[in-house]
Amino acid sequence: MATLTAPILDDISTEAARRLMEKQRRFFESRQTQDIEFRIKHLRALQDAIHAQEKTILEALYKDFRKSEFEGYVTEVGFVLDDLKHTLKHLRAWAKPERVGASLMVMPASAKVYSVPYGVSLIISPWNYPFQLLIAPFVGAIAAGNCAVLKPSELAPHTSAAIANLIKSVFPEEYASVVEGGVETNTRLLEQKWDYIFFTGGTEIGRIVAQAAAKNLTPTTLELGGKSPCFVDKHANLDVAARRIVWGKYLNAGQTCVAPDYLLLDKAIEQPFLEKMRATVREFYGENPEQSVDYPRIINDRHFSRLKSYLSDGDIFTGGETNAAERYIAPTILRNVDASANVMQDEIFGPILPVMTYSRLDEAIDFVNKRSKPLALYVFSENSDVQNTVLANTNSGGGCVNDTVTHLTVPGLPFGGVGDSGIGGYHGKHSFDTFSHKRGILSKPSMFDIKLRYAPYAGKLKWLRKIIG
Ligand code: NAD
């Protein structure tokens, strides 16, 4: 596999970034995006363009890291099309002002929450699901009536170029526009005063984004990473658990923000469960996963070397093979890992699964709670007491019981982190809400004007006390 040389110029100037943002701001101020029909028309056009350009996008994903057509469709293109369909179906209802009860103190009155767009938003994405993680929030931004500048990841250059062409084919630059580039470009963009910033990426870069946003008090969503634990209790259905964990861990070669990062395995089932995991890896990817058309590669040499260094942090139970020229790392399970080893300190973000064992569930829960709050948490058990104990005594952005990763496919569930794994959430209506300012307006008729609140106050307090109760 040839090493990629990024065809991306990282050279937007501060002035060019400012001009683009100002251009979008003028367009936003023309109020065209306030019109729901205008938004729907563009979302439909985006849907049509994705259908028309699907092949190009899937090829770009393959060129960037050998993502198979199946994974490319299910986790990127198909995911976004599903989100678009859901948004188009419900947008008119979501955008309606929501009537809420007015307090007795202000009666008669009507009170409504209006969802109004923030204005010009900046959406920054990482490389691991380079299409989904840029376009899904973008759908929310457009649905809510915003303009948007999109900054794809420079580490997936083919997908970045495909996205730039896609957006250009549907949106005028003043409505939505892609700025390709890397850290320099992002730094120039972050110097501007945006109305909203939506960032997906690593926790450390999230801090840089939050600091830049704080200078202008710009509201942000931060979709970050971390180490997502996966509990496997002795009461789990071991066959199903093995399949669902192997699938969620080695999907995209482990380069998934919500992949199970490490196992917390009940010692009583350590050997039989790990054997099932090894057999499942073989069932999914064959005797030699390097030959499997379904198994992707590591995004670049830096991440390949980082991941390779973790292989000596424990005993290899299965996998461990690497091929630097191909940036291939076999689906690997590591056991006898020390909690202080790098593989247990860093977010792994690759196809290496360390196994920590426990004798008592509360030890495993303590282990999780002593670390940063994870983006996802998984618990495999057929015993509802175990499920409830784990959920009630831990916190995470989201997660699954008896599954991995799939919680993010449910549009009704907000997808996001907590603590070091992020701030805010999106998907489905949550995306619309994320990109909408909730403006509360009280409307009173002038016909009645009850004098209770006006001075002089003498004798009025007792009536107010009666109303408040
Ligand atoms: P990253 O944070 O390095 O990069 C994300 C974006 O920030 C890119 O567009 C990049 O150009 C830009 N960037 C990088 N360094 C920067 C800097 N110093 N200043 C300004 N901008 C900078 O993340 P990545 O390596 O592309 O992706 C992996 C990380 O993203 C992992 O930590 C993973 O968990 C996280 N992630 C989170 C989610 C989620 O939904 N919560 C999804 C996918 C990935």
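When a ligand or atom number is given, it counts from 1 through the structure's own listing order. All residue numbers refer to positions in the sequence shown, counting from 1. Bear in mind the structure is a predicted one, so any value in this text is a computation, not a measurement.
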Interatomic distance, OH@Y310 vs CD1@I352, rounded to 0.5 Å, equals 8.0 Å
The protein heavy atom nearest to atom 35 (C) of ligand 1 is G201 O, 3.2 Å
For the backbone of R297 and the side chain of Q255, can you confirm whether one donor and one acceptor N or O come within less than 3.5 Å of each other?
yes
Looking only at protein heavy atoms, which one is nearest to atom 8 (C) of ligand 1, and what is the separation?
S125 O, 3.3 Å
Distance flag, aromatic centroids of F171 and H42, threshold under 6.0 Å
yes
Can you name the atoms of ligand 1, numbered from 1 with element, that are less than 4.0 Å from a heavy atom of K151?
8 (C), 9 (O), 10 (C), 11 (O)
How far is atom 40 (O) of ligand 1 from its nearest protein heavy atom, and which residue and atom is that?
F415 CE2, 3.2 Å
Validation row: T220, F198 side chains within 4.5 angstrom (heavy atoms):
no
Is there a donor-acceptor pair closer than 3.5 Å between any side-chain N or O of S396 and the backbone N or O of G398?
yes
Is there a polar contact, in the sense of an N or O pair closer than 3.5 Å, between L133 and ligand 1?
no
Neighbour count above 12 (heavy atom, 6.0 Å) for K55 NZ
no
Output field: ring centroids Y196/F435 closer than 6.0 Å:
yes
E29 atom CD, over 12 foreign heavy atoms within 6.0 Å
yes
Short version for V209: what comes under 4.0 Å of ligand 1, heavy atoms counted, is neither
Please check atom 4 (O) of ligand 1 for a protein heavy-atom neighbour under 4.0 Å.
no
If you have a sec, work out which protein heavy atom is nearest atom 22 (C) of ligand 1 and how many Å separate them, to one decimal?
I205 CG2, 3.5 Å
NZ or CZ of R371 within 45° of F367 ring axis and under 6.0 Å
yes
Would N323 and E290 count as having a side-chain donor-acceptor pair, cut-off 3.5 Å?
yes
Please confirm whether C257 comes within less than 3.5 Å of ligand 1 when only nitrogen or oxygen atoms on both sides are compared.
no
Ligand 1 to F349, heavy atom cutoff 4.0 Å, flagged ligand atoms 28 (C), 31 (C), 33 (C), 34 (O)
Which protein non-hydrogen atom lies closest to atom 1 (P) of ligand 1, naming both residue and atom, and how far is it?
G202 N, 3.8 Å
What atoms of ligand 1 come closer than 4.0 angstrom to any heavy atom of V183?
14 (C), 15 (N), 16 (C), 17 (C), 18 (N), 19 (N)
Would you mind telling me if ligand 1 is within reach of the side chain of L224, the backbone, both or neither, using heavy atoms under 4.0 Å?
backbone
Backbone or side-chain N or O of Y426 under 3.5 Å from ligand 1 N or O
no
Mind checking the CZ-CD spacing from F79 to Q132? Nearest 0.5 Å is all I need.
4.0 Å
Nearest non-hydrogen protein atom to atom 27 (O) of ligand 1, with distance, is P126 CB, 3.2 Å
Please check if the number of heavy atoms outside E69 that lie under 6.0 Å from its CD is greater than 12.
no
Numbering as shown, the atoms of ligand 1 that approach G225 to under 4.0 Å (heavy-atom distance)
34 (O)
Within a distance under 4.0 Å of any heavy atom of I124, pick out the atoms of ligand 1 and give their elements.
6 (C), 7 (O), 9 (O)
Does ligand 1 come near enough to N186 that some N or O of the ligand is less than 3.5 Å from an N or O of the residue?
yes
Could you measure the distance from the CG atom of D313 to the CE atom of M344? Nearest 0.5 Å is fine.
10.5 Å
Quick one: CG on L84 to CG on L91, what's the gap to the nearest 0.5 Å?
11.0 Å
Looking at E180, E154, E223, E204, the heavy atom closest to atom 11 (O) of ligand 1 belongs to E154
Which bit of T200 is near ligand 1, meaning a heavy atom under 4.0 Å away: side chain, backbone, both or neither?
both
Among all protein heavy atoms in this structure, tell me which lies nearest to atom 7 (O) of ligand 1, with the distance rounded to 0.1 Å.
F199 CE1, 3.4 Å
Heavy-atom nearest neighbour in the protein, as seen from atom 25 (O) of ligand 1, with distance rounded to 0.1 Å
W127 NE1, 3.0 Å
Show which atoms of ligand 1 fall inside a sub-4.0 Å distance from at least one heavy-atom site of I208.
18 (N)
Looking only at non-hydrogen atoms, which of E347, H427, K227, H303 approaches atom 32 (O) of ligand 1 most closely?
E347
Are N128 and ligand 1 in contact, using a heavy-atom cut-off of under 4.0 Å?
yes
Give a yes/no verdict on a cation-pi contact between R244 and F380, requiring under 6.0 Å between NZ or CZ and the six-membered ring centre and an angle within 45° of the axis.
no
